[in-house]
Amino acid sequence: MLASLRPYLSTAALALLIFYFAYHAFTGEGGLLQSDKRDATLTAKAQELKRLTAQRHDLEVRAQLLRDSSLSADLLEERARSLLGFADPRDYVIRVKP
């Protein structure tokens, strides 16, 4: 009986191997059926990139204002008061936890 099936063993092994890879091509982590999850992740990452780009631009502008060549008196005063913990007597101070 085994001798009569011997010519088909390599074909069966190849068919199982093809089935295995096809199954994982559809259902695996990077499979074709996971495209919705990838699209959602891509959208979330694009929004995060946009937010971080805007934050970086804001920090670059603030850093530019603190340079010697273009010093902003208002920004300098704000940073000094923040770092030293001083406030003008006419200011309202609202403390928030960082």
Side-chain angles (χ1 to χ4, degrees):
M1 168 120 178
L2 186 60
S4 64
L5 293 178
R6 177 167 243 131
Y8 302 108
L9 286 178
S10 62
T11 305
L14 184 61
L16 287 173
L17 193 63
I18 290 171
F19 175 76
Y20 173 80
F21 284 118
Y23 174 77
H24 285 288
F26 282 103
T27 61
E29 186 177 320
L32 297 173
L33 298 178
Q34 300 294 328
S35 63
D36 294 338
K37 211 182 275 187
R38 278 195 309 269
D39 291 342
T41 303
L42 181 63
T43 303
K45 294 294 183 184
Q47 290 174 351
E48 183 180 3
L49 176 64
K50 189 181 290 185
R51 180 184 60 82
L52 289 174
T53 303
Q55 182 181 7
R56 179 185 172 132
H57 178 70
D58 180 53
L59 289 173
E60 286 176 351
V61 168
R62 291 175 66 90
Q64 178 67 31
L65 292 174
L66 287 174
R67 291 199 178 113
D68 289 337
S69 60
S70 62
L71 187 61
S72 169
D74 291 334
L75 187 59
L76 180 63
E77 181 181 356
E78 175 191 337
R79 293 299 302 152
R81 288 177 190 256
S82 173
L83 292 174
L84 297 175
F86 292 130
D88 190 87
R90 297 169 290 170
D91 288 345
Y92 291 106
V93 178
I94 301 171
R95 299 207 183 266
V96 292
K97 291 183 180 179

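- Within the model, atoms CG of Leu14 and CG of Leu9 stand 12.5 Å from one another, a figure rounded to the nearest 0.5 Å.
- Side-chain contact check for His57 versus Val61: some heavy-atom pair is nearer than 4.5 Å.
- Expressed to the nearest 0.5 Å, how far CZ of Phe21 lies from CG of Leu17 amounts to 5.0 Å.
- Within a 6.0 Å radius of CD in Glu29, other residues, nucleotides and ligands contribute 12 heavy atoms or fewer.
- Within the 3.5 Å criterion, the main-chain N or O of Leu32 finds no donor-acceptor partner in the side chain of Arg38.
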*asked:* Gln47 vs Arg51, test: side chain to side chain contact (heavy atoms under 4.5 Å, CB included). Steps then yes/no.
replied: CA-CA 6 Å; Gln47 290 174 351; Arg51 180 184 60 82; over 6 Å; no

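- With values rounded to the nearest 0.5 angstrom, Thr53 atom OG1 is found 10.0 Å from Glu48 atom CD.
- Here the NZ atom belonging to Lys45 is positioned 10.5 Å from the CG atom belonging to Leu49, to the nearest 0.5 angstrom.
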*Carefully, step by step, assess Arg62 and Asp58 under the rule side chain to side chain contact (heavy atoms under 4.5 Å, CB included).*
CA-CA 6 Å; Arg62 291 175 66 90; Asp58 180 53; 3.8 Å; yes

